[in-house]
Amino acid sequence: MDMNLKFITMEEFNVDEVMRITKPLICHQGFTTILIDTMKAQDSSASNYVGAMTEAVKKLDYFGNKFKVKVLLTQQLTSGTEMQNSYLTSAEISECKSVKTVSDILLLMRKVVNSLELDEKNKDFFLRPYKLVKDEMSGKWRKRYISFSQEEIKNNYYRLIFVNKNRWGQADDVILVRFDGLTGRFTEVGQCEHVSRKSFSQGRKY
């Protein structure tokens, strides 16, 4: 399957300019998805920048619905809580929590602390990852738990994806993925049965 990618660099972020540039790509070249990295306030010094951010997202939402394209936005989490909170919520969005009210799907991602969260002996932080497998005899789905070798814990990089909101399906799932920095590829490992609500500062040093 052929896939066309076009990278556009903007000196200053402006939603109206994004829509002006992408409209002919959608209408005349068949592009189906817009990815904005990173979505931020056009003027972070303004007193109402959060409200302006919300309005900007509403514009992009209307634009996407009008032209039937997917609009993907990336945002940074609050830097002060990086690798502090083990369970992520929309409160971690640094610049505009109210973006959640506009989005159809909201995913939050953080690094996995392998030494804590992939260690079966750690009762507080072990993620208890699993895959759903179908029993051939009964036809029912059951959980098959996943174990990690010391080599996997030491040499691999993992991320957790929190499905905070999903208008099209089940929310509140937490998905474990393996990350390959050389290729930028994420591979799904399984879902997590348990994510601690404790701060990492309550675990051992990592």
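At a threshold of 4.0 Å, the pair K140-D135 does not count as salt-bridged, since none of the basic side-chain nitrogens sits closer than that to a carboxylate oxygen.
Put simply, the side chain of N114 gets close to the backbone of I153: a donor and an acceptor are under 3.5 Å apart.
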> Step by step, would you call K23 with F63 a side-chain contact (heavy atoms from CB on, under 4.5 Å)?
Replying inline: CA-CA 9 Å; K23 183 177 177 180; F63 181 80; 4.3 Å; yes

>> Assess the residue pair I105 and R167 against the criterion (side-chain contact (heavy atoms from CB on, under 4.5 Å)); give the C-alpha distance rounded to whole Å, side-chain angles, the decisive distance to 0.1 Å, and a yes or no.
In response: CA-CA 6 Å; I105 301 174; R167 285 180 178 167; over 6 Å; no

>> Pair T38, Q76 - check side chain to side chain donor-acceptor pair (under 3.5 Å), show working.
In response: CA-CA 8 Å; T38 303; Q76 292 180 332; 5.3 Å; no

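If you check the side chains of D124 and S196, you find no donor sitting under 3.5 Å from an acceptor. Looking at E92 and N85, their side chains do bring a donor and an acceptor atom within 3.5 Å of each other.
In this structure, the side chains of L132 and Q191 come closer than 4.5 Å at one or more pairs of heavy atoms. Here the side chains of N164 and L107 are not in contact, with every heavy-atom distance at 4.5 Å or above. Side-chain contact between N166 and Q170 is absent, with no heavy-atom pair separated by less than 4.5 Å. The side-chain heavy atoms of M19 and I34, taken from C-beta on, include no pair separated by under 4.5 Å. Within the 4.5 Å cutoff, the side chain of L127 has heavy atoms near those of the L160 side chain. Annotation: side chain of K70 is not in contact with side chain of T32 (no heavy-atom distance under 4.5 Å). Between K134 and W141, some side-chain heavy-atom pair lies under the 4.5 Å cut-off.
Residue E117 forms a salt bridge (charged side-chain N to carboxylate O under 4.0 Å, His left out) with just one option from K198, R159, K123, R110, and that option is R110.
Checked against the 6.0 Å centroid criterion, the rings of F148 and Y158 qualify as a close aromatic pair.
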